[in-house]
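Since we're looking at a predicted model, the values are computed, not measured. Every chain is numbered from 1, with letters handed out A, B, ... down the list of sequences.
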Amino acid sequence: MTRTLSALIVAAALAVPTVAAAQEQQMTPPRQNWSFSGPFGTYDQAQLQRGFKIYKEVCSNCHSMELLSFRNLAEPGGPGFTEAQVKALAAEYKIQDLDDKGQPTERPGRPADHFPSPFPNAAAAAAANGVAPPDMSTLAKARTYTRGFPWFIFDIFTQYQEQGPDYIVAILNGYKNPPKDFSLPAGGHYNEYFPGHNIAMPQPLQDGQVTFDDGAPNSLHEEAKDVAAFLMWASEPHLVQRKRIGFQVMIFLIVLSGLLYFTKKKVWKAVELHPEKLEQKA
Amino acid sequence: MSGHSTYQPKSGAMKWLERRLPIASLVHSSFVAYPTPRNLNYWWTFGGILSFMLGVQIVTGVVLAMHYTPHVDLAFKSVEGIMRDVNYGWLLRYLHANGAAMFFLAVYIHIFRGMYYGSYKEPREVLWILGVIIYLLMMATGFMGYVLPWGQMSFWAATVITNLFSAIPLVGDTIVTWLWGGYAVGNPTLNRFYSLHYLLPFVIAGVVVLHVWALHVAGQNNPAGIEPKTDKDTVPFTPYATVKDAFFVACFCVLFAWFVFYIPNYLGHADNYIPANPAQTPAEIVPEWYYLPFYAILRSIPNKLLGVTALFSSILILAFLPWLDTSKVRSARYRPLYRQFFWLFVISAIGLGYLGSKPPEGIYVILSRILTLYYFAYFIIVLPLLGFFEKTKPLPHSIAESVLKEGVPLGASAPSSRAKA
């Protein structure tokens, strides 16, 4: 048994390096520190507000975020804007609507309105950009990179779920001049972290491009982190509540398991000490 | 369901009911007085865990269905609406999605336990086959449920899996069109998958009743693999098995909650957060982890028809297990050779699962072929021959003897086979 097993493990170990070498060279996004990682993770309100500002001033020129409404910005566990701030913010936007007579009209936005999209439809977005920029509502959960063996097993225990934001930060910092032997198709941009390296989006963020109201540093790396955190919140707005309830559930279940364990021990002890009782019982 | 009931109704109302519908005595004889072997270890609690998970899936699923819209333009948005705007909708959906994974994890442990201790052998063949039917229904239900959020992976998994049927000679394409309700995966496909996804769990529940019935007629197998002879060999189901099951269900829930609350998207695929786009194929189409071993078997064979045949055979062959295994001895504890082949089988199944998640190229294909070969050889060559050649260890005379001889207190887990050897 053990001999067969060890032979198999050796065979598997020999196979792995060959496999790794055969795989295409793809740079792994560096791990970032996130306030929302781990069992007690919460969003950093100031960071989400900065991220929202980047989204508003930069991303939203091309990307839609149609699943979110202005009201979400004031909901608990989010960027923590006040109701009044959200109302004022929504009113900055013109929303297409119908008037009382059923005629098309424009009215100021309300907190219940969804974030307006920059293009009327996907075809218009594609025509203006070459490729339609993806909707950003679930982007942070829709992007990832391969973790590979054995990391994907460790991730269960370390609770690493931030591949999406890590990847977004990497992409925003990954614009480089293409290597000499790389032929970049027309309209493409070279990015170290993009699969295949040819990304349609031109570099969207520069060092110091967005000035933050709280005076926080605005290097490209800081901006990228802030907007990635905001996108994570947009994808998973109830993360804080989820982790908080999760901790309560865990405590409850562990205590329950413990109590049931001792109950079980007590119940079984009776027959353990007096097995003859079984004969009468059954 | 086994023997006559010892239930004596006490109150007047229960006496009245007993004469008209003896449901209380049915429950009493099935879940209270039912004699259960006293040497069962914790691997036997997975039946209870599976019943619990089926309940979780039905309850969360019924509520999710209240908020879900089965339409190609609205499905993705309605699921996101559940995640964002329905009170605790995120919890319901994560429970349901991860619940499916936990359900499969538990069923795989349950199946492997049955194989290790020979629970499929006479007189439990029908019990085993009912289990295989439940497993098949679970696979169909899980697959159709995965399609409902209508993300990229939903759409493309539906396309790939339904296309398997096109391998059938002559009528393949007609069958696929019929399955789709059109000439491509589209709204009619989504609608029928939704309808069936709601129906099948109740079919599963029905077959589970038969499974439990068959179990209570034949009685439970046990780690010693010998039948109980006297009352000393068994304990009443309640409180002994009930409290043991309850304890382990609670432990299993800790694992379940870990996934739901801390890593809810770990078992999913990022591409399924992109709305379905028939014009754009994802870089790689991968099914959910619980189908990966079969996906690896499918792709290890270059011919489509043969690959599909191998895929379905690899599941259906389980139904023939009671007759493929020729050994008279049930438990692997007393079958030293069988034990080795069994663990190799477990390793090859897990290995196939890993290979199924990898692109079908180079070393991955070669390894998949070797493991596929072993998978089938285990059933067709190893098990039939082993019964004739294997020198088994002497069986204990009774369950009570096996428990007392090994000096293990009642209710504790069975001793590991290694420690005994």
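Going from atom CZ of A/Phe152 over to atom OH of B/Tyr354 covers 6.0 Å, rounded to the nearest 0.5 Å. To the nearest 0.5 Å, the span separating CD on A/Gln161 from CG on B/Asn265 amounts to 5.5 Å. The CG atom of A/Leu68 sits 9.0 Å away from the CD atom of B/Glu80 when rounded to the nearest 0.5 Å. In this structure, the separation between OH on B/Tyr88 and CZ on A/Arg242 is 14.5 Å, given to the nearest 0.5 Å.
Although no hydrogens or angles enter the test, the distance criterion places no donor-acceptor pair under 3.5 Å between the side chain of B/Tyr266 and the main chain of A/Gln159. The backbone N or O of B/Tyr240 sits less than 3.5 Å from a side-chain atom of A/Trp268, completing a donor-acceptor pair. In this structure, the side chain of B/Arg84 does not engage the main chain of A/Asn72 through any donor-acceptor pair within 3.5 Å. In this structure, A/Thr138 contributes its side chain and B/Tyr273 its backbone to a donor-acceptor pair below 3.5 Å.
When heavy atoms are compared at a cutoff of 4.5 Å, A/Pro39 approaches chain B by way of both its backbone and its side chain. Interface residue A/Ala234: only backbone heavy atoms are found under 4.5 Å from chain B. Neither the backbone nor the side chain of A/Gln163 comes within contact range of chain B, judged by heavy atoms closer than 4.5 Å. Using a 4.5 Å cut-off between heavy atoms, A/Tyr145 makes no contact with chain B at all. If you measure heavy-atom distances from B/Phe76 to chain A, the contacts under 4.5 Å come from the side chain alone. Only the side chain of A/Glu236 comes within contact range of chain B, with at least one heavy atom under 4.5 Å from a heavy atom of that chain. In this structure, chain B has a heavy atom under 4.5 Å from the side chain of A/Val249, while its backbone stays farther away. Within the 4.5 angstrom heavy-atom criterion, no atom of A/Ser69 approaches chain B.
The two residues B/Ile274 and A/Ala142 make their nearest non-hydrogen contact at CG1-CB, 3.6 Å.
For residues 155-169 of chain A, the pairs satisfying salt bridge (Lys or Arg N to Asp or Glu O under 4.0 Å) are A/Arg147-A/Asp155, with sequence neighbours left out.
Inspection of the A/Gln241 and B/Trp90 side chains reveals an N or O donor paired with an N or O acceptor under 3.5 Å.
Residue B/Lys229 places its NZ atom among more than 12 non-hydrogen atoms of other residues, nucleotides or ligands, all under 6.0 Å distant. Heavy-atom neighbours of B/Asn87 CG from other residues, nucleotides or ligands within 6.0 Å: at or below the threshold of 12.
Judged as a ring-ring contact (aromatic ring centres under 6.0 Å, His included), and not counting sequence neighbours, B/Trp156 has no contacts.
Looking at A/His238 and B/Met83, their side chains never come closer than 4.5 Å, going by heavy atoms from C-beta outward.
By a heavy-atom distance cut of under 4.5 Å, A/Leu253, A/Ile254, A/Leu256, A/Ser257, A/Leu260, A/Tyr261 are the residues of residues 251-261 of chain A near chain B, going up by number.
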Give every donor-acceptor pair under 3.5 Å between a side-chain atom in residues 248-264 of chain B and any protein atom, sequence neighbours left out.
residue: B/Trp258; atom: NE1; partner: A/Ile156; partner atom: O; Å: 2.9
residue: B/Tyr262; atom: OH; partner: A/Phe247; partner atom: N; Å: 3.4

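Ionic pairing of A/Arg71 and B/Asp85 is present here: one or more N-O contacts between side-chain nitrogen and carboxylate oxygen are shorter than 4.0 angstrom.
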